[in-house]
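Step one of this worksheet: look at the structure below.
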Amino acid sequence: MAEDKELRYDPAAIEPKWQQRWAADPTLYAAEPAACGKPKYYVLEMLPYPSGQLHMGHVRNYSIGDALARHMWMRGYNVLHPMGWDAFGLPAENAALKNNTPPREWTLNNIAGMKRQFERLGMGFDWATEITTCLPDYYRWNQWFFLRMYERDLVYRKKSKVNWCPECATVLANEQVVDGCCWRHEDTKVEQRDLVQWFFRITAYAQELLDDLDKLNGWPEKVRTMQRNWIGRSEGTEVDFFLEEAKKKRSEISHPSEQRPLAGGPGGDQGSEKTRIRVFTTRVDTIFGATSVQLAPQHALVAEFTAANPELKVQVEEMIEQQKKAREAGDLGAIEKHGVPTGRFAVNPYNGERVPIWVANYILADYGTGAIMSVPAHDERDFEFAIKYDLPIVQVIHPEDKTLAVVLPFVSEEGVLVNSGEFDGLSCTQAQAKMQELAVAQRFGEPKVTFRLKDWGVSRQRYWGTPIPMIHCERDGLVQVPDEQLPVVLPAEIEITQQGGSPLSRVPEFLNTTCPRCGGPAKRETDTMDTFVDSSWYFYRYTDSKNDREPFDPAVVKYWFPIDQYIGGVEHAILHLIYSRFWTKVMRDLGLIENDEPVRRLFAQGMVIKDGAKMSKSKGNVVSPDDMVARYGADAARMYSLFAAPPDRDLDWQEDGVAGVSRFLARVWRLTTKYAHIVREMQPSDFDERRPSALLRKLHQTIAKITLDFEGRWHFNTCVAAIMELVNEIQAADAQLAAGEVPAPVVRELFRSLVLLLAPFAPYLAAELWEELGEEGSVLRAPWPKSDPGLAREDELEIPVQINGKLVTVVRVPADADTKAIEAAALADEKVRSRIAGKNVVKMIVVPGKLVNLVVR
RNA sequence: GCGAAAGUGGCGGAAUUGGCAGACGCACCAGACUUAGGAUCUGGCGGAGCAAUCCAUGGGGGUUCGAGUCCCCCCUUUCGCACCA
């Protein structure tokens, strides 16, 4: 038994041995300075939240990135492969409540444990560049950026309806609300509350964020589409409908001296204007078909109408409540359309027609102007509404072909105007342009681009986040914390309670300060920043993580950016990746960097599934990486996570599969250790002797396949399969190898290359066997093998022969056989001859190197 | 409802450009070796059939000498969006 053990692949012995050696060599995974002269390659995986445990999704994510990093090292690149911790956030506070451990301690303990897990997994990270976002040397730069953005009017405060998660007792960004529930608490309904909040003006970059998506051709189309939808650009027209009471003043209104306020953000300024209702429409060409104006129940004018009409008021309030509930439930689209007439009328500026003003529950206050013109003939929703309330339906667009019968609502823009006065006969697009011109000329409207994207609310009423570096002074109002007073440090000692409001407001030593401007008593801002701030720029900090004078040295960033390859879960397609893009553009405009986009290529990996569901504690189907490492070794766990599915697809975790990979690694270990002595004992003079052989052919085919995959397709599952095939062939040649019938140079090339091919996927075994083969130095610095096409080429090919498209037989021909020779070989075949005997060969298709097909009648 | 991706053996999956469907692995079956072992090696393994053969990539049609792959219709699953005017 003890004897046996020596002959067995034993990851439990190999892996700790290499962990020690690697820990002793800080240069192994270290990025080099620009002066090294090598081409740079920045490979990045999304940094984890230090929850305490790595999960299989992490193992998969980092196995993909680490394989790529190792491959690039072997290709001679200067690789930056950093790691850090997204260390602020709510779970630390929850844990503090539960275990009475301070968030900082809990977080740092988790980090230490997870770092150990990374080490056990053999991940090749450059720990010298490690960042931890909850430490002041990182978050001070969040504060620094906040101030720079404040100075450029990219930060502002406003009272707004916010999404409030009662579980988190804090505000959530729109992006953090999933189906009406908190993104962290799937079962907790989000409530709407009114609070004064800090916002980043991401909408200032909406157009550029949209436009630049076209440049990101290294990103999955799916992610780009999701971002496009999220930004939701929509081109249209704002038009004023005049309140009937104001009609007599119309000439006055269109007078040049009249100043109309510019429409502000969503929800706009319509309240200040009591003579008109501004609507937003993408189909101004249909305006002659408008038969009512619909207001959102929260619209400023509605309050005015209801002031004198208690009955209306009750109904409007019901609608607001209903919308609120629907919004909280996330099924805004599901509520039945419902409305009430206000008894007031508005006048269509294009045709002077008088239309009723309604309040309707399907009009959103926070999109466009919160008011629409209703054109039932050409809009599904308006149509449904008009049918329900028996409002008139006026068709104003007709297909160009006048003979076509029209089914209303006719929503196509392919048509011409009818019943539209002077605009009759124009196409929809022509009419839109003309009508916009008229609106501008007569000052009752203008072209308008509306975005669905909202400004980024960053205030959080939590303790464990970056303090917002602002001071409230009674005399001077809002005052920035001066740069030299940064960082505003989170107080270490704090009692975490479940009370609402900002925990920092209950820490007098933090709260009370002096005004930097007047020196008088003042109070600090007690909100902290959304943790998405931390992850919006962390990858810049990696390049210069110890810099205490600036967030990073622009010259160093210029060398490393953009990131060549970013790898992470598709669940961050919108939130993290849009904020990161925004932050990059802001930093560019601050003159800190030159790149417009942070990430050149993005890879969205699939989820890890077990028993048909995503691994999660609540489903009870979690597999612990530590268990896998203990049972099968890190190499097997990592390699299985690459082998079981292509990286972009979901992966079905089957433990038997890990065992299979482990058996494969054992086989590699046995074969290599068995014949390593041949390699070790070779004389240098023998090294160059190379001759074609079946084994070398398979080897060079394998090298070619894997090299190609690393360059683009990333089907690492088939890469592993290819290595398995190669090893199967070596195993089949076991007898010849044992008998010394395989020339030593072939043995050497075979096993050296095998180990090199394995190195990105199974780093421990590769290191061990590299040493076993008598090599010195790290396998990571050994050049990636090059496929020799001469050796890879088959000299004979099997060509399938079909008759009428059905496979009949296979003929062997020389690899360079031309059409004629293949034809002859096919016709000479027994089976073929008996099948075509007495029949007429109508046609013969020969694809050299591929197949023959005889068409026979 | 709109959009995208996917559907292939008992299972995970392969087939990169329209050219031998099922590589590789798991599970299973048989054999070898053996002081039984969850080790290793050899062979088998889509379905039907003794066989020659036939059938088979969600279903139905089509294009083609040839279709898992391209086109049309339908079904299912997953994901994203969903009163955005």
Side-chain angles (χ1 to χ4, degrees), chain A residues 1 4 7-8 220-223 225-226 228-230 232-234 236 266 279-283 286 294 296 323 326 330-337 360-364 366-375 379-382 384-385 450-453 570-571 573-574 606-607 609 640 643-646 648-661 663-664 666-667 670 705 708-709 712-713 715 717-728 731-732 734 798-810 842-847 849-856:
Chain A
M1 207 57 188
D4 266 10
L7 296 172
R8 198 170 287 167
E221 196 49 55
K222 179 190 166 96
V223 173
T225 304
M226 283 166 76
R228 259 183 221 112
N229 292 341
W230 191 263
R233 183 183 196 271
S234 150
V279 304
F280 174 69
T281 176
T282 54
R283 292 297 305 277
T286 64
Q294 304 284 346
Q323 261 195 11
D331 57 353
L332 215 50
I335 53 179
E336 204 200 317
K337 285 185 191 27
N361 66 348
Y362 70 100
I363 309 304
L364 305 173
D366 60 357
Y367 183 80
T369 60
I372 66 152
M373 62 177 195
S374 178
V375 185
D379 182 281
E380 299 274 1
R381 297 153 300 183
D382 297 343
E384 188 188 330
F385 193 86
T450 298
F451 291 95
R452 206 189 77 118
L453 181 74
V570 76
E571 65 272 19
I574 311 182
M607 288 187 303
I609 303 287
Y640 174 74
F643 175 61
D648 56 335
R649 292 248 293 265
D650 285 350
L651 180 151
D652 190 84
W653 192 271
Q654 298 185 4
E655 191 167 332
D656 285 338
V658 190
V661 170
R663 277 201 290 274
F664 163 73
R667 176 183 264 195
R670 273 196 308 276
K705 188 247 177 305
L708 189 67
D709 251 300
R713 209 176 63 137
H715 278 200
N717 56 330
T718 62
C719 291
V720 174
I723 299 174
M724 287 172 168
E725 283 187 54
L726 173 65
V727 171
N728 288 348
Q731 174 72 52
D734 190 37
E798 292 192 332
I799 304 290
V801 181
Q802 301 179 334
I803 291 179
N804 294 335
K806 301 221 168 191
L807 181 71
V808 170
T809 187
V810 170
V842 182
K843 200 172 172 187
M844 205 163 169
I845 290 124
V846 179
V847 186
K850 289 284 185 189
L851 105 173
V852 177
N853 189 11
L854 306 182
V855 186
V856 170

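All chains are named by letter (A, B, ...) in the order of the sequence lines, taking the proteins before the strands, and each is independently numbered beginning at 1.
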Task: A:K806 side chain, from C-beta outward: closest of B:C55, B:C65, B:A14 - done: B:C55

Task: Integer-rounded Å distance: B:A6 P and A:D648 CG - done: 9 Å

Task: Exercise: do A:D652 and A:Q654 side chains pair donor with acceptor under 3.5 Å - done: yes

Open item on the list: Closest-nucleotide mapping onto RNA chain B: is A:G657 or A:R667 further toward the 5' terminus? I mean the 5' end.
Closed with: A:G657

Task: Polar side-chain atom of A:D709 near backbone of A:C719 as donor-acceptor pair, under 3.5 Å - done: no

Using the 3.5 Å cut-off, write out each protein N or O paired with an N or O of nucleotides 17-24 of chain B and the distance between them.
residue : atom : partner : partner atom : Å
B:A23   : O2'  : A:E725  : OE2          : 2.9

Open item on the list: Between C1' on B:C79 and CD1 on A:I609, what's the gap in Å once rounded to a whole number?
Closed with: 11 Å

Task: Flag for A:N728-A:R667: side-chain donor and acceptor within less than 3.5 Å - done: yes

- [ ] Assign A:D382 to base, sugar-phosphate, or nothing according to its heavy-atom contacts below 4.0 angstrom with the strands shown.
- [x] nothing

TODO: Classify the nucleic acid contact of A:G660 as base, sugar-phosphate or nothing, counting any heavy atom under 4.0 Å across all strands shown.
DONE: sugar-phosphate

Open item on the list: Under 4.0 Å, counting only non-hydrogen atoms across every strand here, what does A:Q731 touch: a base, just sugar-phosphate, or nothing?
Closed with: sugar-phosphate

Open item on the list: Taking the basic N atoms (NZ, or NE/NH1/NH2) and the acidic carboxylate oxygens, is any pair closer than 4.0 Å for A:E221 and A:R228?
Closed with: yes

Open item on the list: Just the rounded figure in Å: distance from C1' of B:C65 to CG of A:L854.
Closed with: 10 Å

Task: Listed nucleotide nearest any side-chain atom of A:R663, set B:A82, B:A14, B:U40 - done: B:U40

- [ ] Indicate the ring-plane relationship of A:Y367 and A:F280, choosing parallel, tilted or perpendicular according to the 30° and 60° boundaries.
- [x] perpendicular

Task: Paired stretches of RNA chain B - 3 or more consecutive Watson-Crick or G-U pairs, each distance under 3.5 Å - done: B:1-7 with B:75-81, B:10-12 with B:24-26, B:28-32 with B:40-44, B:46-48 with B:53-55, B:58-62 with B:70-74

TODO: Output yes when a side-chain donor or acceptor of A:Q323 lies under 3.5 Å from a complementary backbone atom of A:I363, and no otherwise.
DONE: yes

- [ ] Report which part of the nucleic acid A:I363 touches: base, sugar-phosphate, or nothing (heavy-atom distance under 4.0 Å, all strands).
- [x] base

Open item on the list: When you compare the side chain of A:V570 with that of A:K222, does any pair of heavy atoms fall below 4.5 Å?
Closed with: yes

Task: Contacts of type ring pair (Phe, Tyr, Trp, His ring centres under 6.0 Å), residue A:Y640, not counting sequence neighbours - done: A:W653

Open item on the list: Quick check on B:G22: syn or anti? Syn means the glycosidic torsion is within 90 degrees of zero.
Closed with: anti

Task: Length of the CD1-P vector between A:I803 and B:U53, whole Å - done: 11 Å

